[in-house]
Each structure stands twice: as C-alpha cells, then as structure tokens.
Amino acid sequence: MKYVCNPLNVDYHYQFNQVQMPEMPGEAPLQVAREAADPSMIQFQGKYYMFVSMNLSVWVSEDLVHWTSYRLPEELPLYDYAPDVRVIGEYVYFSASRRGEICDYYRTKDIINGPYERIEGTFDFWDPNLFVDDDGRIYFYWGCANVTPVWGVELDPETMKPLTERKELIWGDAWTKGYERNGEDHSEPPFTEEEVEMRYQGFLKMRGMDESELPADMSSMLRGYMSNRPYIEGAWMDKYQGKYYLQYACPGTQYNIYADGVYVGDSPLGPFTLAANNPYSYKPGGFLPGAGHGSTMWDKYDNLWHTATMRISMNHQFERRVGIWPAGFDADGELFCNQRYGDWPMAVEQAKQDPWKNPDWYLLSYKKSVSASSAEEGKGPELAADENVQTWWRAATADSGQWLCMDLGDVCDVHAVQVNFADDKIEIPVPGEIRGTSQARYIEEADLITRWILEASEDGENYFVLEDKSQVTTNLPHDFVVKEEGVKARYIKLTILEIPYDQKPCISGLRVFGIGNGEAPAAPKFTAVRTTDIDMEVKIEDNGAVGYNILWGHTPEKLYHSYMIFGKDAQTIGALVKGQNYYVRVDAFNETGIAEGEVVAL
C-alpha cells in the first residue's frame, strides 16, 4: 500500500516578494516565504501532472503519492498566477493569469520538454479554466475579484477566439452563503452599502481627493476593496452524467476557511443552480487548513480526486501549500470531497477505492512532551506538537546538529512520521532579479537542500534509524516517512543537519502516526444549535478524547462537511447556507480509534 499525507511532499519554491507600498519611500521591503497554490491536475499519457502557481515547474507522478518536480520551458509565463491545463485531443493546453495585458494560450504534446506552441489571445483574464465538452466544443471560464463574477464564454477550438459574448455565471453573496464570508472561521461579514460608502468617502477625504479625479473602474475597485465582500475565483468545470459542475473558490486564500463551492447546470454556460452540498471542499481545522482553488481529476482506476490550496500565511499572505483528497459523485450526482482526516496519512490504492475509508493510523504526537537542543524564547519545542502549522519551534542557533526529541509517553506501534519545516523571517539578499507582472518577486531557482536524520527508541537510550536523509540532494519541507509494518517506539528524535540559507531550523509539526495503547474513545455527547441563518454552535461534553471531528450535511446520510478540533469543546461554524436544513454528528478520536456520535437535526 502507498500513503500520502497532506500537504504534498514536494519542493515548494521560495518567493522573494517585493511588497508594493507606494507611500513608503525608498526600496520596498521583502517578504520571503515558500509558495505553491492553485493546482491544476490532469492525467496525460498514463501519468499525473500538476501545475501550480509560482514554482517554475510541473510536478509529475505515476501514483499520486510520489511527485517529481521538472522545470518548465522558459517560453511559458511562469511568473503569472493560477496556471490552467487541460487535455484536448493529443495536446495539453496551458494558460495563466495577467491583468491589463492580453493573455495567450499555449499547447504542447510534450509537457516537460516542449515545445509549446503559442496561440495569440484576445483578452486579459485571471484564474483561467479551459473545458472541452463531449462534442469537442471548448468553453473558457475566468474571474478573480470581489466586485465582478466568474465569467464564461465559448471559444473557437482552432483560433481560441471567443464565439460568444462573455456571460456572467457566479456572483458572491456572503449574506446568504455563510461559507463565502471572509475572516478566520468566517468572522468578518461584508459591510452594508451604507458602510462601504462611508468608508469610501472617508478614504477620499483622508487623501484630499475628489471622486471626479478617479477613473470609473478605480472607483468601483476601491469600493469593492472596502466592502469586505468575498473573492469569487478559481473556476474549474467538470461534466458528469450530462450535468455541468462549475466549481469556484472563496472567500480568500489567506483564511482557514478557503473553500471550493459548486454550481450545477444543464449546459456549459448555464444557467447554474447552487448545489445542496456546499462548500463541497472545505477543511477549516486540523494541522494545516484550507481547501480552496483547485481541480478535480479521474485517476487510472476511476477514482475522483480533488486537489486544492492550503494556507499557512505567516511570513507572507500567500505562504501556501497543496493538498489532495478523495472525491466523488454520490448516487444523486452530488459532488463531494472527503476531508475528515484530511492531513493524516491516507492510503492511495492503485485500484478502485472507497473515498470514505477511515484512516489506518491515528495521531500519536498531539501535546506530547518534546525536548530540544536549544530554543528561542517563545518558540519552544512544545510548539512542534500542537497541531498548528502557524506555530513552530525555532532553535537558538543555526549550527548543524540541532535536534528535537518527542516522548510519546508509552511504547506505541509507529507507522509514519511527517517532518514539517517552517520558515521564520528570512532576511538575506535576493538571489536573483526581481520580476513579475502581478506582484514583483524573484522565485528561487537554485537547488536547495534539507538534510536530517530521524531516529526512534523504546527506552530513550538505545536508538535505531527510522530514516537517514543526511546525504540527500532534495529540499522537502513536509517530508513523510512511512513504516507500513510498524516499529515499536516511545521516543522519536529528529536531528537537523542542513536547511536552506543556513537559517535557524524551525519545525511546525513533528507529527507521528500509528496505533497507541488502550481503548478507542466513547461516542461523544454534544449539542448543535443554529444561531443565525448561516451559523451554528456545537458544544461537546469532553470525554478525554484527543480531538473531535464535527460533521454536517443536508441529509443524515450526507455528512460531507467536517471540522477537526483540538483542545476545545465548542466550535462556531459559519459555513451554512440560508434556507438549507442540516444534520450534525460529532465523532471522537484518540490514539487507538474513532467513535462515531449520533446524528441530530440542526
């Protein structure tokens, strides 16, 4: 069996972002962070290919588990966001985002080596998505803003020029769709029209400007910026049994609730109706949250997969990663995605598989005792065990050999360890030339290296090697070690030998999975109350479990949404849709099993 653990175990390129601050004299400051986002995944000639933003490369896999990065040809617009790819006949078509400039299309028969034939475009777009219907007709979708919709148009398959006028397909509405609200846990609702106007007029007054001095489009953009409306973006179209599923992302990539919703229609350009199961891709909890702006793809064995963007957003707003989850269409044709244990080890069978299969192994490392060779004040080793990607241990020195050692509390059956490196305010000269059209940056091109040794022990004195990466030439910030047969261990020790730019090493998660001792938890007791049209409050009677998974859906059998929580017994969930009925269940999990709660009507 092969296993994957989100985020994907690949090299995420460093971005040296030049912050755009016109009011700041002198050179703009730099923000350095790794980034990959907006994945577009396809199957082509027996392999899987994933194109992501700002990585200069394509990730290639034969099994959806092991991915290799290949540099893409220079003729592609690699500094443009949200690359989209689709297979049409014997070609793969490519496009990417650029505002204010005409965007071209490219096609090739050889993804890695090219050449790529350029097809001249006729308009600018952001977050593109190309779709070919069964009859060979081609449709194109785009949009990324909080004041404009997702658009669609039919294209000529030869010239890629529009055959129809652009059509408005999806608008945001955070007043009735709770999951479209901004903020952590949807805590920032949009302003009313009156509030927006007050903020807008206040801005003009502060700048000493008159509205007549602004171009019409600038006035609209400023009002939108001040409205706190959701961004509606990242379209992706799929067809299933004669229905068209127009997927879109919202409300903002920097939030834990970044999600993908879906509308359904009978034709490629609509009209579309909001599906009952929304948002269909939604992962607000766990170690690394976020599941928006992605793509869906059938694998070689007729399994559907969804890949999307996960957020860190600490060193830079767009500090992001990529995840992949089992998806599917149920008997009623509803699109779903299973993210219940969405950053735990997940079996990927090279065959038809059950998308709702529970994990084989459980989290053993939460809140376990961790010691370290050294630590900066406020960034102690305990932060490597708190299941929060936004906190991390940082060594007090950059010397090689810094280490972390976790005590699991008892000898356990250990099957996997995920080693998650973090970055912390990297301040070095830019290694190359700042460039780019959307946000000035330099994307690191050098082959960086991360080296370490992972050991285990039953008694804390006699250690054996779990994984030796002391000689590798790879740079994997979320490396994943699997011991399918399991090893007996109580202590897990990570010794860090080398990381990029000779920084002080940081670990956001030394995550250990396996099977612990004792009994599975009891089914939890809970209450769920709808507090507004689009919010609910879930309260749980703590029964000593490691954590809880709150599930909900629009029928008792379709609890497709989930929110994993640790260290608390209550959670507000703001992802409901006005007028939709819901059912709720709370499951408990510990180091030996999962206990399903009762389903209740909200």
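The first residue in the sequence is number 1, and the count goes up from there.
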Between [Y] and [X], is there a side-chain donor-acceptor contact under 3.5 Å, judged purely by atom types and distance?
| X | Y | value |
| --- | --- | --- |
| N277 | H561 | yes |
| Y548 | D542 | yes |
| H306 | D260 | yes |
| N475 | D447 | no |

Restricting to side chain to side chain donor-acceptor pair (under 3.5 Å), what partner residues turn up for [X], sequence neighbours left out?
| X | answer |
| --- | --- |
| N358 | none |
| S187 | none |
| E376 | R394, K504 |
| Y14 | R34, D423 |

Worksheet item: Below 4.5 Å, heavy atoms only, C-beta onward: do V370 and E382 meet side chain to side chain?
Response: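 In short, these two side chains do not touch, never coming nearer than 4.5 Å.
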Worksheet item: Would a 4.5 Å heavy-atom cut-off, applied to side chains only, mark D185 and I257 as touching?
Response: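 Contact flag for D185/I257 side chains = yes.
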Worksheet entry | Qualifying residue for ring-ring contact (aromatic ring centres under 6.0 Å, His included) with Y560, from Y280, F329, W325, F336 |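 Of all the options given, the one that passes is F336.
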Worksheet item: Which one of Y3, Y362, W361 satisfies the ring-ring contact (aromatic ring centres under 6.0 Å, His included) criterion with H415?
Response: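 For H415, the ring-ring contact (aromatic ring centres under 6.0 Å, His included) test succeeds with only one of Y3, Y362, W361, which is W361.
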Fill in: For E319, all residues meeting salt bridge (Lys or Arg N to Asp or Glu O under 4.0 Å), sequence neighbours excluded
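Checked E319 against salt bridge (Lys or Arg N to Asp or Glu O under 4.0 Å); zero matches.
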Worksheet entry | salt bridge (Lys or Arg N to Asp or Glu O under 4.0 Å) partners for D11, two or more places apart |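 Applying salt bridge (Lys or Arg N to Asp or Glu O under 4.0 Å) to D11 gives none.
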Discussion item. Y366: which residues meet the ring-ring contact (aromatic ring centres under 6.0 Å, His included) condition with it, sequence neighbours left out?
Written reply: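 With sequence neighbours excluded, Y366 shows a ring-ring contact (aromatic ring centres under 6.0 Å, His included) to F566, given in chain and number order.
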Worksheet item: Is the W344 ring parallel, tilted or perpendicular to the F589 ring (thresholds 30°, 60°)?
Response: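 W344 vs F589 ring planes: perpendicular.
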Worksheet entry | Of all pairs that satisfy ring pair (Phe, Tyr, Trp, His ring centres under 6.0 Å), the ones with a partner from residues 459-498, not counting sequence neighbours |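 For residues 459-498: Y12-H478.
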Kindly list each side-chain donor-acceptor pair under 3.5 angstrom involving residues 348-355, sequence neighbours excluded, with atom names and distances?
from, atom 1, to, atom 2, distance (Å)
Q350, NE2, D63, O, 3.4
Q350, NE2, V348, O, 3.3
K352, NZ, D302, O, 2.6
Q353, OE1, E349, N, 2.8
Q353, NE2, A347, O, 3.4
D354, OD1, W356, N, 2.9

Discussion item. I need the single residue from R441, Q31, Q439, H316 that forms a side chain to side chain contact (heavy atoms under 4.5 Å, CB included) with Q15. Which is it?
Written reply: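 For Q15, the side chain to side chain contact (heavy atoms under 4.5 Å, CB included) test succeeds with only one of R441, Q31, Q439, H316, which is R441.
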Could you give the side-chain donor-acceptor pairs of residues 396-406 under 3.5 Å, partners two or more places apart or in another chain?
from, atom 1, to, atom 2, distance (Å)
T397, OG1, D399, N, 3.1
T397, OG1, D399, OD1, 3.3
T397, OG1, D399, OD2, 3.1
S400, OG, L497, O, 2.9
Q402, OE1, S373, OG, 2.8
Q402, OE1, S374, OG, 2.5

Fill in: The single option from R311, R321, R320 passing salt bridge (charged side-chain N to carboxylate O under 4.0 Å, His left out) against E35
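It is R320, the one option of R311, R321, R320 that forms the salt bridge (charged side-chain N to carboxylate O under 4.0 Å, His left out) with E35.
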Discussion item. Check this for me, if you would: do K525 and E541 make a salt bridge, where the nitrogen-to-carboxylate-oxygen distance has to be below 4.0 angstrom?
Written reply: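 No, no charged N to carboxylate O under 4.0 Å.
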Discussion item. Show me the pairs that pass side-chain hydrogen bond (donor to acceptor under 3.5 Å, both in side chains) and involve residues 508-523, at least two apart or across chains.
Written reply: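 Qualifying pairs: D343-R511, E387-R511, D410-N517, Q418-R511.
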Worksheet item: Taking only residues two or more places apart in sequence or in another chain, which ones pass side chain to side chain contact (heavy atoms under 4.5 Å, CB included) with V600?
Response: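 Testing V600 for side chain to side chain contact (heavy atoms under 4.5 Å, CB included), a comparison that skips the adjacent residues, returns F526, V584.
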